[in-house]
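The structure appears right after this line, and notes come after that.
Protein chains get the first letters and strands the later ones, always in sequence-line order, with residue 1 at the start of each.
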Protein chains: 2
Amino acid sequence: MSTQTQSRPRAQNLADSVYQQLKSELFEFQLLPGDRFTEGEVADRTGASRTPVRQALYRLQREGFLAVNFRNGWEVRPLDFDQLDALYDLRILLEQTSIRRMEKLSAEKMNWILLPLEARWKVDPARRSSDARQIASWDEEFHCSLVAASGNPEFVRVHAEVTDRIQIVRRLDFTQPSRIAATYQEHASMLDALRRGGFLEAADQLATHIECSRVEARKLTLLKLQHARREFVSDGGSTI
Amino acid sequence: MSTQTQSRPRAQNLADSVYQQLKSELFEFQLLPGDRFTEGEVADRTGASRTPVRQALYRLQREGFLAVNFRNGWEVRPLDFDQLDALYDLRILLEQTSIRRMEKLSAEKMNWILLPLEARWKVDPARRSSDARQIASWDEEFHCSLVAASGNPEFVRVHAEVTDRIQIVRRLDFTQPSRIAATYQEHASMLDALRRGGFLEAADQLATHIECSRVEARKLTLLKLQHARREFVSDGGSTI
DNA sequence: AGCCCGTGTTCTGTATACAAGAGGGTATCC
DNA sequence: GGATACCCTCTTGTATACAGAACACGGGCT
């Protein structure tokens, strides 16, 4: 396995450490879309020098989170809902394809994949978790498992990239109890379909499931941004 | 358009310049899979200092071309045919999906997409190009056009990444005249199918077309590597 | 009042100096 | 003779110094 695909790479470099700190600040909305800053500021804040900071910043730039203005500072890239839609579309494609390909799996492997997911999602409503962060993590695990079942490591890698890119809006989806309930119900329903060999049915449900999540996340993101800064400007397009 | 998706970014930084030089050396087999080198060597060779060199090296690392050994130099990652197969698989998925979605395009847009491709590929055999590099470039253009027709910029971006990653073996496919002829024939056939609305048919042809290319490229890569270094070692797996 | 030009500050891009650890070779000991 | 421990060299990781360009501000001119 290559270094970049390790699930939780324990930072041994300062660069990785700074990278993870910045990413967490992005996800926690401590760095808001449109915010501008300099390398020196980040260096001071993290205690590292500009060298590893730059390494982290350029990585985040290539991943699409930041943008650098030539000799004129950095900025958090505004949320582009068109791009997020495109990423959701790609995510659906990868997950649907993976589900459809599960048809070729042996019953044994199939069972091996479904069992842990059923244990997590087919539980009594009274025993469900309500911790948004926990649910978000489990949800990601659910969808990654489906893609992993495809057996194609590149599917997994790209899917993980896409997931990371949309996580900033997706995780908000689990702040509403009704959405958590829907997630439990829809995951259980998909698992049922897979159990009885309804791969196409499961794939259809998946698309609907993700689409709903996308729409909800979009709404919640707009609300969250309005709270994070009382005023926000729209440049006339779908970017904020 | 984001910086990273510019088709041919004219390097204004030394880092980009070094990046492109190294990548070209990789594609030209001047840097062979398994080769080891240090940052200082690259700095001397390119005339830049270690700072931009490191930026370029880390970029190539995250793109999967290189690997860094902690305080112990860099190496060109060996060709992993399993990974290449996975990448081909992903490429087929993206292109097939794009083709199937062309069904929803208006006749006008469809024509706008097909016309330049037909002008290039539906030509008299006597007027065909035989320049491997030229054909490789046109072939890439052909497949990228199909994905671009999907209208999803993220499809395009990921497809471009994948294409870049497999280019090192794919371009060898056009060193054989028979393969060039097959490429012309198959592209023309697919364009015909698309003209008469046979989207599924075209998608099927595409998969076969890419599969053939993959198998041929694999064979030729092994030959090329044997020529580039008289001896080569296999570590028992499918990596070289 | 408005516009233009020059200057100064600031920030990134690049080069270089320094630190720390991994690997190999050699000498020594058993 | 073989194995082990030590030391030296080499390489990356990190910090800092320097250069060049972009922007902002202010003064002078029309």
At 10 degrees resolution, what angle do the end axes of the helix from dA1(C)-dT30(D) to dC30(C)-dG1(D) form when each is taken over five base pairs?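 Answer rounded to 10°: the end axes differ by 0°.
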
Tell me the interatomic distance from [X], atom [atom1], to [N], atom [atom2], rounded to whole angstroms.
X      : N       : atom1 : atom2 : answer
Q12(A) : dG21(C) : CD    : C1'   : 12 Å
R54(A) : dG13(D) : CZ    : P     : 16 Å
F70(A) : dG13(C) : CZ    : P     : 6 Å
R50(B) : dT14(D) : CZ    : P     : 11 Å
N13(A) : dA20(C) : CG    : P     : 16 Å
Q55(A) : dA15(D) : CD    : P     : 11 Å
L14(A) : dA19(C) : CG    : P     : 16 Å

Check whether any side-chain N or O of Y58(A) sits under 4.0 Å from OP1 or OP2 of dT12(C), and answer yes or no.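 Checking dT12(C) against Y58(A), no side-chain N or O comes under 4.0 Å of OP1 or OP2.
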
Ignoring backbone atoms, establish whether T51(A) has a side-chain N or O less than 4.0 Å from OP1 or OP2 of dT14(D).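 Answer no for this pair, as no side-chain N or O of T51(A) is under 4.0 Å from OP1 or OP2.
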
For Y19(B) and E63(B), does a side-chain donor sit closer than 3.5 Å to a side-chain acceptor?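 On atom types as modelled, these side chains qualify, holding a pair under 3.5 Å.
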
Any donor-acceptor pair under 3.5 Å linking the side-chain atoms of H143(B) with those of H159(B)?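 Judged by distance alone, the side chains do not pair up.
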
Testing R171(B), Q134(B), R170(B) one by one against D139(B) for a side-chain hydrogen bond (donor to acceptor under 3.5 Å, both in side chains), which residue passes?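 That would be R170(B).
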
Would W74(B) and Y58(B) count as a close aromatic pair, with their ring centres under 6.0 Å?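 Centroid distance W74(B)-Y58(B): below 6.0 Å, so yes.
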
Donor-acceptor under 3.5 Å (R36(B) side chain, N72(B) main chain):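 Answer holds: yes.
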
Got a salt bridge between [X] and [Y], using NZ or NE/NH1/NH2 to carboxylate O under 4.0 Å?
X       : Y       : value
K23(B)  : D164(B) : yes
E161(B) : R165(B) : no
R45(B)  : E39(B)  : no

Are there any protein N/O atoms within less than 3.5 Å of an N/O atom in nucleotides 7-11 of chain D, and if so, which ones and at what distance?
residue : atom : partner : partner atom : Å
dT11(D) : O3'  : G73(B)  : N            : 3.2

Close side-chain approach of F37(B) and L66(B), heavy atoms under 4.5 Å: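 Heavy-atom side-chain distance check passes, below 4.5 Å.
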
